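Computed from a predicted structure; not experimentally measured.
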Amino acid sequence: MTSASASASASGPEARTDEPSAANFQVDLRGLVDLLSHHLYSSPRVYVRELLQNAVDAVTARHALDPEAEIRIRLSASADRVTIEDSGIGLTAAEAHSLLATIGRSSKRGGEHGLETTRREFLGQFGIGLLACFVVARQIRVVTRSARDPQAAPVEWLATDDGSYTVRELPHDARPEPGTTVVLQARPGAEEWLVPAKVEQLARDYGSLLPYDITFDDGEGGEPRPVTDRPAVWDRVFPTPTARRVALAGHCAQLFGFTPLDTIDLDLPVAGVRGVAYVLPEPTSPAHRAGHRIHLKGMLLTERADNLLPDWAFFVRAVLDTDTLRPTASRENLYDDETLCAVREPLGARIRAWLAELAASEPERLAAFLNVHHLGVKSLARHDAELLGLMLPWLPFETSDGSMSLQEFAAAHSEIHFTRTVEEFRQIAPIAAAHGLGVINAGYTYDADLLALLPTVRPDLKVTELDAGAVTERLDPVPTSAELALASFLSTARTRLEPQGCDVVLRAFQPVSVPALYLDDRQARQERDRTAALDSADSLWTGILGALRGSAPRASLVLNHHNPLIRRIAALSDEGLAGTAVESLYGQALLMSQRPLRPADSTLLNRAFLGLLEWATHSADAQEGQQ
């Protein structure tokens, strides 16, 4: 027996092979297992992927050496043992020393074609490989025979999780043909990961699209079952488009647990990407990052890739195979590099093209999609004027004329107003509709952005944010004689609301049931905030804020002359009671607008409420005294 030093084993020593030779790993193996299981890999389940990866790379290398060689990968499990056997390239004793026990050393690296070439040919790239299996194994036994050197004897590499291994030559009949057999013995506490049913499930999850036939044997005497299921469902030939759609729907239900609303082919041959995107059947939040299922050269890389598609495509979940995108070191996600960025945009363009195709030829399917996912399309359209123009007949908006598309609304209104809050819209919508004012609720996600973009698609349209003046101008003016008759009341009302920074206007509008309407706009709110800041500022800021006072419009309380209550209040002879009633109207209109109340507003509401109660009780006392 001979021993190999750390530096010697790293460079592939020419050790004697007539008896076992003991050596040490290049690293603390126990520390490595902790690193892999707790920091690099999300779960011990990845050991099956590493076994499949090594076997596939071995047969790939064998096929390159001898295209006529039989290709065979067999996986089996029984009790606390997992075995995988392949007819791949195999290893010599020196290669076993050099490659199996050194972190970062891989038989796929370098070579006459260089690393970039081998990355395209092989699954493994990081040189962790077989040692990762120690996350579940206490012992790994490898029996291998090299196809490059037919005269070389088979080699046994036997390693344990205490950090030691031995390499020895075996008799020629121990393995007559080139290839490798790997046997894992479970480590205490990891037996559940080597149960046959679990191993088969993991093999199917990881290896269903691998390019070689792989079988699984559970050791119960039955026929080995196929692990691979090729070609991928999106690459299969079906007799009709309907049959293909049904097959894809079944595939989606099996992988993701839902029946898709529709499917989108994601085929980028130049980028080495092929797959499908499944449209979610239920609405989802734009903030939700969908987990996509990615295969790298047929091997499952991750089920949770969230950086594959543009953020706006949150309404789909994709499954695809790629041979160009780069995996992270744990091989459990995609590395967000220039290559991924270059692929992400064309994939997004494919989803966009699918929308355009539906709009052009299948409006019913588009309508069904938008009924669920209009928010996602709005998110996309706000960055794409062409798509917005395409979607104008389809995207729904809440308007003063009801729910309709922008195209329908624009047909009735050449000038479009919008509110930035849902509360403001709901207050003004009934009045706007009654007076022919076109208002859109832009308080929902993305709607304000789309309305800002609308004039670039329809230059004939004027889009402006709703302001108090525009509404007031549309309301019917009160005859001059009637307004003069109420001059004293209006003066009292304006005096009472002056401290609130609110003007009083008399108009006649529908519906009659609304006694008063509170109107303001962004400029009025800014002026109100400036005034509030001025009241609480020190002398320095008082001067600065005072200098900022401009001619910005103030909020308005619009009194409805058609409303009987307004007429009765205006006819009150008691000026104090009329003022209290006006304050109550202001408070009620403010509450209806659902705006946040300032401290001054709360004080006014409380004062008006108590004032009315006091007047009501005094009036009742006076009536009792008269009786």
Side-chain angles (χ1 to χ4, degrees), residues 261-262 264 266 277 279-280 282-290 306-318 341 343-360 363 365-411 413-425 438-466 521-522:
L261 191 65
D262 212 334
I264 309 168
L266 301 178
V279 180
L280 294 167
E282 302 291 340
T284 186
S285 167
H288 175 69
R289 300 295 294 272
D306 60 4
N307 55 354
L308 176 69
L309 298 177
D311 290 343
W312 55 260
F314 55 82
F315 51 85
V316 301
R317 292 191 69 181
C341 290
V343 168
R344 184 185 295 126
E345 291 308 314
L347 289 177
R350 185 64 196 89
I351 297 174
R352 181 190 177 283
W354 168 78
L355 286 170
E357 292 166 6
L358 289 187
R365 286 176 62 195
L366 178 64
F369 165 75
L370 290 177
N371 187 49
V372 178
H373 293 298
H374 62 273
L375 200 59
V377 179
K378 285 182 177 181
S379 175
L380 172 58
R382 66 198 174 112
H383 299 299
D384 190 331
E386 183 180 351
L387 181 64
L388 176 59
L390 186 68
M391 292 290 110
L392 279 180
W394 307 102
L395 289 177
F397 285 80
E398 186 177 6
T399 79
S400 53
D401 294 344
S403 180
M404 61 181 60
S405 71
L406 284 178
Q407 181 165 294
E408 292 174 313
F409 192 70
H413 303 278
S414 59
E415 183 175 1
I416 295 176
H417 300 274
F418 66 92
T419 63
R420 290 190 177 272
T421 67
V422 175
E423 294 76 19
E424 185 178 6
F425 173 81
V439 181
I440 293 179
N441 181 5
Y444 296 118
T445 306
Y446 307 133
D447 285 2
D449 294 335
L450 292 179
L451 289 172
L453 187 61
L454 185 57
T456 65
V457 179
R458 290 282 304 272
D460 57 308
L461 295 178
K462 181 181 179 182
V463 180
T464 58
E465 183 174 354
L466 183 70
D521 51 30
R522 184 186 301 178

A.B. asks: One pair to check against side-chain contact (heavy atoms from CB on, under 4.5 Å): L406 and T399. What are the steps and the verdict?
C.D. replies: CA-CA 9 Å; L406 284 178; T399 79; over 6 Å; no
A.B. asks: Decide yes or no on side-chain contact (heavy atoms from CB on, under 4.5 Å) for L392 and L454, but give the supporting numbers first.
C.D. replies: CA-CA 9 Å; L392 279 180; L454 185 57; 3.8 Å; yes
A.B. asks: For the side-chain contact (heavy atoms from CB on, under 4.5 Å) test, which of L266, V316, I264 pairs with L347?
C.D. replies: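 Among L266, V316, I264, the one that satisfies the side-chain contact (heavy atoms from CB on, under 4.5 Å) with L347 is L266.
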A.B. asks: Does the plane of the ring in F369 sit parallel, tilted or perpendicular to the ring in W354? Use 30° and 60° as the thresholds.
C.D. replies: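 Rings of F369 and W354: perpendicular, over 60°.
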A.B. asks: Are the side chain of R344 and the backbone N or O of N307 linked by a donor-acceptor pair below 3.5 Å?
C.D. replies: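 Checked: pair present.
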A.B. asks: With side-chain contact (heavy atoms from CB on, under 4.5 Å) as the criterion, how do I351 and F315 come out once you've worked through the C-alpha distance, each side chain's angles and the decisive distance to 0.1 Å?
C.D. replies: CA-CA 11 Å; I351 297 174; F315 51 85; 4.1 Å; yes
A.B. asks: Measuring from atom NE2 of H374 to atom CG of D447, what distance do you get when rounded to the nearest 0.5 angstrom?
C.D. replies: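 Here the interatomic distance stands at 7.5 Å.
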A.B. asks: At what distance, to the nearest 0.5 angstrom, does NE2 of H373 lie from CD of E282?
C.D. replies: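 If I round to the nearest 0.5 Å, the distance is 8.0 Å.
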A.B. asks: Evaluate salt bridge (charged side-chain N to carboxylate O under 4.0 Å, His left out) for R352 paired with E386, printing each intermediate quantity in order.
C.D. replies: CA-CA 11 Å; R352 181 190 177 283; E386 183 180 351; 3.7 Å; yes
A.B. asks: Any side-chain to backbone donor/acceptor pair from K378 onto P396? Under 3.5 Å, distance only.
C.D. replies: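 It does hold such a pair.
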A.B. asks: Which atom names give the shortest non-hydrogen contact between L388 and L395, and what distance separates them?
C.D. replies: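 Shortest heavy-atom contact: CD1-CD1, 4.4 Å.
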A.B. asks: I440 vs I416, test: side-chain contact (heavy atoms from CB on, under 4.5 Å). Steps then yes/no.
C.D. replies: CA-CA 7 Å; I440 293 179; I416 295 176; 3.7 Å; yes
A.B. asks: How long is the gap from CG on L380 to CG on L375, to the nearest 0.5 Å?
C.D. replies: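 If we round to the nearest 0.5 Å, L380:CG and L375:CG are 12.0 Å apart.
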A.B. asks: Which value, rounded to the nearest 0.5 Å, describes the distance between L450 atom CG and H383 atom NE2?
C.D. replies: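 Separation between the atoms: 9.5 Å.
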A.B. asks: Do N441 and T419 have side-chain heavy atoms sitting under 4.5 Å apart?
C.D. replies: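 They are in contact (side-chain heavy atoms under 4.5 Å apart), so the answer is yes.
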A.B. asks: Considering all heavy atoms of both residues, which atom of Y446 and which atom of S379 are nearest to each other, and what is their separation?
C.D. replies: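 Smallest heavy-atom distance, with atoms named: CE1-CB, 3.3 Å.
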A.B. asks: Ignoring hydrogens, what is the shortest heavy-atom contact between A385 and L453? Give both atom names and the distance.
C.D. replies: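 Smallest heavy-atom distance, with atoms named: CA-CD2, 3.9 Å.
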A.B. asks: Which pair of non-hydrogen atoms, one from T284 and one from L280, has the smallest distance, and what is that distance?
C.D. replies: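 Smallest interatomic distance, heavy atoms only, reads CG2-CD1, 3.9 Å.
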A.B. asks: Once rounded to the nearest 0.5 Å, what's the spacing between atom CE of M391 and atom CG of L355?
C.D. replies: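 Separation between the atoms: 5.5 Å.
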A.B. asks: Could you report the tightest heavy-atom contact between A318 and L308, atom names first, then the distance?
C.D. replies: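 Closest heavy-atom pair between A318 and L308: CB-CD2, 4.2 Å.
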A.B. asks: Please report the closest heavy-atom contact between A442 and F418, naming both atoms and the distance.
C.D. replies: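 A442 and F418 have their closest heavy atoms at CB-CD1, 3.8 Å.
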